[in-house]
K.L.:
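Sharing a structure, written as structure tokens. Questions coming.
Order of the sequence lines sets the chain letters (A, B, ...), proteins ahead of strands, with each chain counted from 1. The shown structure was predicted, so the numbers you read here are calculated from the model rather than taken from an experiment.
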Amino acid sequence: MEEKKRYDAAEAEERWQKYWEKEGTYAFDPDSDKPIYSVDTPPPTVSGEMHLGHAFSYTQTDIIVRFKRMKGFNVFYPFGTDDNGLATERLIEKTKKVKASKMDRQEFIDLCLETLETIRPEFVQDWKSLGISCDWNVFYSTINDHSRKISQQSFLDLVKKDRVYRKEAPVIWDTQMQTALSQVELEDQEQDSYFNDITFKDGGKDIIIATTRPELLCSCVAVFVHPDDEKHKKLVGKELEVPVYHHKVKVIADKRVDPEKGTGIVMCCTFGDQTDIEWYKAYDLPLRVGITKDGKMTDLAEKYAGMPIKEARKAIIEDMKKSGELVNQKKIKHIVNVGERSGVEIEILESPQWFVRYLDLRDTFLKSGKKLKWYPDHMRSRYDNWVNGLQWDWCISRQRYFGVPFPVWYSKKTGEPIFADSDQLPVDPLKDKPKKLPKDHTEDDIIPETDVFDTWATSSLTPDLATQLFKDHKVFKKLQPMSLRPQAHDIISFWLFNTLVKSQMHHKRNPWETVAISGWALDAKGKKMSKSKGNVIHPQEMRDKYSADALRFWASSSKLGDDLAFSEREFIAASRTITKLWNLARFTGMHLEDYDGGEGELQPIDRWLLSRLNRTVATVTDALENYDYVRIRLDVDKFFMQSLADNYLEIVKDRLYGEKNESRTAAQYVVKTALTTVLKLFAPVLPHITEELYQEYCEKSSIHTSSWPEATKKLISDDIEKHGDLAVKVISAVRKAKSQQGLSLKHEFNKITIESSSEKELEAFLPAISAATKTKDIAFGKAKEEIEEGLKISID
RNA sequence: GGGCCCAUAGUCUAGUGGUUUAUGACGCCACCCUUACAAGGUGGAUGUCCCCAGUUCGAAUCUGGGUGGGCCCACCA
């Protein structure tokens, strides 16, 4: 047999990935009777490449899934890509140098679909090359026909259940992207601004109000003061004259006013911020729209009409300075909401939108959250926190070009919506016509809805998108509810919550039994990675430099839910473990060529190792059942490096090299058992190297479909371990002596005298000590005795 | 401002009341070519367990308060 001296990770990893795909190692078997473990895999957004956070969290899930597979589950582990919505639009606009707003809509959609097809394989390849054990044939894209159909079906079902409505409502608006946004799509940004003290007129008296947005004066519909504000409460009920525009507005008392802020008096505009919306609703205030959808002033702004918002602000400030209506300006820094993709300050505008009504279901959602098993458990409170804080129904419409269209048309005559038939889905109302027209309507009497769904409206259906691939199969019912939802903590309020909402509405049950929440991968300083900071680490580079297994080893070093700072040293440590495994397996294999499969005559040191091994199996298995995969890293690594490699192997070397007898057979048995078990325990974390060594030295079939080791309880013994540990202490003391005297470890002392109160326990390990220290003459003795030659060791 | 989480050697980390003179790794220092491995081995040095107070016979561990950091929410006139 030609032996390779070194492990070529890059070569081996690619070879095994191809092997797994060819052999269908991770294929879900719909015909199997084994219990199913199903995973609602997060579909990553096709944005060109996998980032380190992906590598981190997908590895953590993969470890759990690989464990379940080895435990005998029929694993359903699909893979999808999320190629819906704004992210894709932006990607296409950038790479293809086009503007969606300046193109024919269908042409743009075709370009998106076409581009996605070409970049998707390469994108998915990053996941494959990490050794993620998804069944790549169970695939969905959130924009393909299958998903569009399910998403539209979901909408129609909610219509039927009276859970959706269309309404003119104030929505968060991005004037650059020209669409409604959800709370999720906002970012905070600190900006320099001015607090402008401006004068409203109470008859002849000046009332000073501070505002950062004087250009909204044309939209001013009321003025508010705090009901307990002694200074200003006498104004309540009066009508004030708005500067510049001279219309009159009422003064109303409301406790949402902070009397300490500004002058303690606030103007309410429709709309400046969220509080304005609340007041607008609570006091039935008029609507005065000052801003257009593309961020310019309306005719209401009179001389400023048509100006972009910021320009209008400057102009109105200058004019008010001249007129004396602006009495003071204070420079401030304040936080404003900007669109996460456009970076532009958001506005609140009223526009017709589709909503999912769910505020009435708050209690159901809280109860459902309690029924889920959360790992780690404390993540549940983030969910509760969000549900308790819900203020608005879910706005699911977006005024974008690329996405899943609403299956809706409107009657030109009545304005009533006309819904698609569920058997004509997926539909694009821009191209298709409704199956049934309302009475007295021809096709010319209808107009299509041009809005598309919020991406969450579709991605909240991932359990359905994945399992409905098996809809016509008898296994379908068993796939839901799914066993596991893995995801990161930042999107608990969106993806997790929305998925639960849809599942409760459609199926009246939770979409999964368990959720596993992973943390974030941070840069080496523990800071969030972002392109603008330039601290992005590409997992592909690390994979190429070290190996996929090393990358996984790093990812497995942080507890579920904890963030992990990038550390290249961990990759070096991982490489070391991988090399060590390789060498240990080679050594073991060398001595197993004539192994007959028997147990031989076990020596005390053999029982010591077997006890440690079985204890490790027991704790690691138990931990993995609780999603605590870090134990693999902590316990298996420790067992393998310390007990097995550093001590046991050094001790049994001379038995393995020695003549064929029962003692040698026992050593072969233990070494083979330990190697096989260690490989299996490491397999979820290091799938490539363990497969390589398992198939070379253990079995000719995949380690990943082999059975997870079971701990043999009767082999675990506290006493044996304690006594063996003493022997290891003696060996360590001898090594220390050699090290301090500058002697080679091979050096043979004439005699070693051990002083210990545990002579009886050590007695049985003398042959092991002798072998590891290369010294034949070992005896017990007293410290006081004069020893003429050799080494004296004291152990207690 | 509110909720949740985190804080252990230069760095990462184990440890949820006594078994700990705190675990392992990286890094550092010294020695060693030893029949798996020099991409190695053996040994060594390195800690106010964030701070203060309390509970307890005993606290890294429990309680309260503080400081620093993270995520989410709210505010952002």
K.L.:
How about A:Gln741: does its CD atom have over 12 heavy atoms from other parts shown lying under 6.0 Å from it?
P.N.:
yes
K.L.:
Mind pulling the stems RNA chain B is in, i.e. runs of at least three Watson-Crick or G-U pairs, everything under 3.5 Å?
P.N.:
B:1-7 with B:67-73, B:10-12 with B:24-26, B:28-32 with B:40-44, B:50-54 with B:62-66
K.L.:
Would you mind listing every salt bridge (Lys or Arg N to Asp or Glu O under 4.0 Å) that reaches into residues 545-557 of chain A, with sequence neighbours excluded?
P.N.:
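Every pair satisfying salt bridge (Lys or Arg N to Asp or Glu O under 4.0 Å) with a residue in residues 545-557 of chain A: A:Asp62-A:Arg552, A:Lys545-A:Glu568.
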K.L.:
Do the side-chain N and O atoms of A:Thr199 and A:Glu325 include a donor-acceptor pair separated by under 3.5 angstrom?
P.N.:
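The answer is no; no qualifying pair exists.
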K.L.:
Between A:Tyr283 and A:Phe224, is the ring centroid distance below 6.0 Å?
P.N.:
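So the answer is yes for these two rings.
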K.L.:
Which pairs with one or both residues in residues 261-273 of chain A pass salt bridge (Lys or Arg N to Asp or Glu O under 4.0 Å), sequence neighbours excluded?
P.N.:
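Residue pairs with at least one partner in residues 261-273 of chain A: there are none.
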K.L.:
Taking only nitrogen or oxygen atoms into account, show me every contact under 3.5 Å that the protein makes with nucleotides 16-24 of chain B, one pair per line with its distance.
P.N.:
| residue | atom | partner | partner atom | Å |
| --- | --- | --- | --- | --- |
| B:U23 | O2' | A:Lys638 | NZ | 3.2 |

K.L.:
For A:Val257, which contact category applies under a 4.0 Å heavy-atom criterion: base, sugar-phosphate, or nothing?
P.N.:
base
K.L.:
For A:Asp646, report the nucleic acid contact type (base, sugar-phosphate, nothing); a contact means any heavy atom under 4.0 Å.
P.N.:
sugar-phosphate
K.L.:
Each nucleotide in nucleotides 29-34 of chain B should get exactly one letter: B, S or -. Can you fill that in based on protein heavy atoms under 4.0 Å?
P.N.:
--SS-B
K.L.:
When you check every protein heavy atom under 4.0 Å of nucleotides 2-8 of chain B, what one-letter string (B, S, -) results, 5' to 3'?
P.N.:
BBBS---
K.L.:
Name the nucleic acid region contacted by A:Phe224, choosing base, sugar-phosphate or nothing; use a 4.0 angstrom heavy-atom cut-off, strictly under.
P.N.:
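The residue A:Phe224 makes no contact with any strand.
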K.L.:
Please determine whether a side-chain nitrogen of the Lys or Arg among A:Asp635 and A:Arg612 lies less than 4.0 Å from a carboxylate oxygen of the Asp or Glu.
P.N.:
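Between A:Arg612 and A:Asp635 there is no salt bridge, as every charged N stays at least 4.0 Å from the carboxylate O atoms.
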